[in-house]
Amino acid sequence: MRATTLTVLLLAAAVRSAGAEDPPPASEPASDLDKLPVLQTFVAAPYPEQAKAEGLEATVVLLIDIDAEGQVEGVAVLEPGPPGYGFDEAAVAAAQQFVFEPAEAGGVAVPVQLTYRYRFILETPPAEVAPPPPPVENFAGLLLERGTRTPLPGVRVTVFRGEGEEARGFEAFSDRDGRFAFFDLEPGAWRVLAEPDGFFPLRTSEELVAGEKTEATYFIERVSQNPYDVLVEAVRPRKEVSRTTLATREIEKIPGAAGDPLAVVQNLPSVARVPTGSGDVIVRGSAPEDTRIFADGVEIPVAFHFGGLRSVVPAGLLEAIDFYPGNFSAYYGRATGGILDLRSVRLAPEDLGGYVDVSLLDTSLFLEAPVGPDAAIAFGARRSYIDGVLALAVPDDVPVGFVTAPRYYDGQLLFSWRPAPAHSVTALIFGSDDQVKLAFDNAGETNPQAVFSRLQARSSFYRSILTWRYAPSERFENELRLSAGRNWLGFSTNGGFLFDLNFYTNQTRNTVRWQLHDRLTLRAGLDVFFNLADTEIRLPRGGSKEGDPAAVGDARQLFSVRSEGELFLSPAAFVEAELTPGAGLTVIPGLRVDHFGRLGETTLDPRLTVRWALAEQWTAKGGVGLFHQEPFFDETDATFGNPALGPEAAWHYSLGAEYRPLPFLSADATLFYKDLRALVSRTDRVVERDGQLVPLLYDNRGRGRVYGAELLVRHELSRNFFGWLSYSLSRAERRDSGSRSWRLFDFDQTHILTLLGTYRLPENWEVGARWRLVSGNLTTPVVGAVLNADTDTYEPIPGRVNSERVGAFHQLDLRVDKRWIYESWILGVYLDLQNVYNRANPEGVQYNYDYSQSEAQQGLPLLAIFGLRAEF
Amino acid sequence: MNLRSLPLVLLVVPLFAHDAAAQTLVPPGPRQGYFVALAGGGGVVINRDEELGALPTWPGGGGSLRLGQALAPGWSLGLFLDFTAAGGPRRDGIGSGLGLEVGRQLGEAWLVSAGVGLGFARLDDRRDAEADALGGFGTRVRLTAQRDFFPWTRPLGGGLALAPLVSVELLPADGFAALTASVGLQVTYWSGLPRDRLVLPLEQAYDPID
């Protein structure tokens, strides 16, 4: 092989004590070579130990012969390293193991000789690199919704300064608590921008100071402030033929209700209009006492305070109202009319909050607060001052003085706790107290039949309800409710009248729901009602009942009853199956067994409900069922009634259809028929009791029938509008004991039309209107009068019961609400104008002393109710 | 968790004046925000009693206080409180009303309003010693038309407005009716809107540093 030394390449390599690195090539190209040799395999020389120990570094220059294949043929030392350490030997030994990519000349690989500088360098530990300084948070903030203080998460916050090419900006997002932060912003003025969807933009400026942290809390206002905007609720699937659920927040601003959600029930189809001052709920031609009021499934005695202006449970504690005008589930019993169930609110406060509501009628307070992560507590109270308002409003010449004008209190305490995902516990304590004392001047002039001039009345109750719900899976749920409370109802007069009912009441319910199969769910439960009653009554026998043209009985002959510790146990059990065989069909057969302890009778109520989703928008429905209830308390008393009375019964039949063309628009039409049997009715019969002939007073030979059609077209809160049209066409009749003819029920109202709506305007204004058109009330005409020489008063001779009607009722109500949104609270003001066009609606007929002249009793004139509410 | 600030690759400053909420924002204008208006004037009162029929027309004067807010462009909503006094020697007539009122802007300068509420009217003619005072309580309807002039507007909207106005109030009470027609002058203060409701150039759009 011809060894040609054409040029000298100087390559350098470095060896460190810990190993070798690829040598950085440094070259001096030879003029005749097309391609220089390239080191492909480098071998590190071992660092001589002694030199390493002494910290000695060195360079050895080698002369390497490389053949045409790139292999090292020979190595010589041109410039040795420090003698005596072994640098030269180590460098030569390593270089002999090098492999090169051969050099080329004229396109052919050629052998070459090159010089190679081998450096021995001691490895030094890498220098400590100072970590960059941590970023400094010098601007932080909190985004909250103006008014509610709700944190706004996920909102982009931008800070920027300068314009054009000088512009600088940064952005951050708020976390789940609404907090955001910026780091290392330069001192000086920055503009801050945030524009969450549905809110007005935040546009402000901040001055940052070097070395200081700036913190800010920003309250951003929702474009249209309404708590309902953020309430997302699953819609309960409908199973009943007729159930209307009214969400409290949806309805509390309906005109004419003075802010009371429960009063809105009066605007639903199937509910008769009652005169102002009556808190009765009259459903599908049933007597007021036939419709039961429940709070979380536990019966309460009344729904409204005196006069029906306010419900006994305030808006803050109500989540929704479920109203069943008929064909209700076997879960409910002891009623032949309808059901009104008030559902308490599900507490989930993130912070202390509540409201204060002040109106011309009363003031109420509601507070709620979290108690740890799994519990919450709420408190409410209300006190009326109608007494003060009446004292100012009633003219001096009105012959009625208020010793204690109507006044009411109510209070509530709610505690909820969720100790585990499958368990929830709720404790609710609430009560109500109403009282009035009246003094009549010239009572005889006011009422020819009057036998007293002073009256005091009081009605109060409380309930404590403990609920434990256990739901380990979607297929199984058990709910236990324990309730204890007291009802107290009494009145007395200076004429010796006394009525004092004192009930200690307990109700225990346990309900199990078990989904056995995808197409079968069972629900069963126990419903045990227990009463301990103390009673004292001193009244004339008779009184005033439905269908009586005038009060019955001799007011001068008083009968007395006194009893203590009477026990009445009314246990019940029910079971119902929800069958979904397919094709949109739901069939719910149910059975309820009630034992009425006061009557000593047991009833069996089969019920059936069918719903059939014919198409996406259409549902057909129907139901049939039997319902029983006890007679009123006095009717089964041995002195004032007939202790042998049995329960009243009603068969409910209904058939209807629902149409939902749009998610927020629905129409519900129902035909119904009610067959009322064994109604308690007055009778002139006498029976032998304890060896004596005594008047029977009442028997169960009354009958009733109610039939009609109902329509509800409802636009749920959407596109800023909420409202409905309801219309009922019905006829309610009774056949009294011993009679062969039917007469109209006291509260029969052939036509009931209600149109109402509320519209949310910009700037937190809300306007609403309600218009009602209802058939006139029934009256029994007085066809003559006779003078009673003993009392020197005229006694009326009634005509056919309920054979005449006063003029139709129609009324327009308007309401306007305005809310001011402050940083951490909201002020709302409303004006409710009732009977805007001042219609003189006749409510009945009143007569002069000898019944020779009559005039219409008129309802309330134009009335303005003003109120304000602060929420925080 | 706080997020670290992120540098913006591109900051398009002019876009800040036309943000995502721009559809809720409006340019500054004279009739924006809350308003309070005081008016006074004179006119005639025409009464009718169910038993006596039409009564002589009485000259009178009156005034009104109106409070409210501009809503959607061209619309306003508020309350009115008005009063009327009429009569002459030995005869007095008074009336007053309180109610809700809706206003509608017509063009740039004209505004018409309609209101409904409750009110009363009472006439006492002491020239006839045997005559009883007349009057009634009931629904009060109020209609007004006004032409606004804005001599003192502000860059961010609102300001003072002067307006000659014509108003008609009707009280169709039970058994008695009163109609008042008057002309007068009204002074209105408009509060304007906060900056975050307005479409503004960048240099005005942001609240200044406190």
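Computation of the quantities below employed the complete heavy-atom set of this structure, encompassing side-chain atoms and omitting hydrogens, waters and symmetry-equivalent molecules. From a predicted model like this one, the values you see are computed outputs, not experimental measurements. Reminder, nothing fancy here: chain letters follow the sequence lines and each chain counts from 1.
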Are any of the side-chain heavy atoms of B:Val116 and A:Tyr837 separated by less than 4.5 Å? no
At a heavy-atom separation under 4.5 Å, does A:Leu814 approach chain B through its side chain, its backbone, both, or neither? side chain
Quiz question: by atom type and distance under 3.5 Å, do the side chains of A:Trp820 and B:Tyr34 form a donor-acceptor pair? yes
Quick check: under 4.5 Å, non-hydrogen atoms only, which of residues 43-51 of chain B neighbour chain A? none
Once you round to the nearest 0.5 Å, how far does CG of A:Leu761 lie from CD of B:Gln69? 10.5 Å
Does the side-chain contact (heavy atoms from CB on, under 4.5 Å) test come out yes or no for B:Asp196 and A:Leu202, once each step is laid out? CA-CA 6 Å; B:Asp196 63 2; A:Leu202 164 71; over 6 Å; no
Under the side chain to side chain contact (heavy atoms under 4.5 Å, CB included) test, which residues partner B:Ile94, sequence neighbours left out? B:Phe120, B:Arg122
Check the pair B:Leu77, A:Lys818 against side-chain contact (heavy atoms from CB on, under 4.5 Å), reporting the backbone distance first and the verdict last. CA-CA 10 Å; B:Leu77 187 62; A:Lys818 166 65 182 168; over 6 Å; no
Check B:Leu25 against A:Pro201 and note the closest heavy-atom contact, atom names and distance. CD2-CD, 3.9 Å
Can you tell me if CD on A:Glu350 sees more than 12 non-hydrogen neighbours from other groups inside 6.0 Å? no
Sort B:Leu98 into side chain, backbone, both or neither according to what part of it lies under 4.5 angstrom from a heavy atom of chain A. neither
Applying a strict 4.5 Å limit to non-hydrogen atoms, the region of A:Leu831 in contact with chain B is side chain
Sorted by chain and residue number, the salt bridge (Lys or Arg N to Asp or Glu O under 4.0 Å) partners of A:Glu763 (sequence neighbours excluded) come out as B:Arg197
Which residues share a side chain to side chain contact (heavy atoms under 4.5 Å, CB included) with B:Thr188, sequence neighbours left out: B:Phe35, B:Ala37, B:Ala161, B:Gln186, B:Trp190
Backbone of A:Arg203 reached by a side-chain donor or acceptor of B:Arg195 within 3.5 Å: no
Hey, is CD on B:Glu203 packed in by over 12 heavy atoms from elsewhere, all under 6.0 Å? yes
Proximal component of A:Val192, with respect to chain B [non-hydrogen, under 4.5 Å]: backbone
Do A:Pro861 and B:Leu118 come within less than 4.5 Å of each other through their side chains, counting heavy atoms only? no
Is there a side-chain contact between B:Tyr206 and A:Thr204, using heavy atoms and a 4.5 Å cut-off? no
Within this structure, what is the CG-OG1 distance for the pair A:Asn838 and B:Thr139, rounded to the nearest 0.5 Å? 5.0 Å
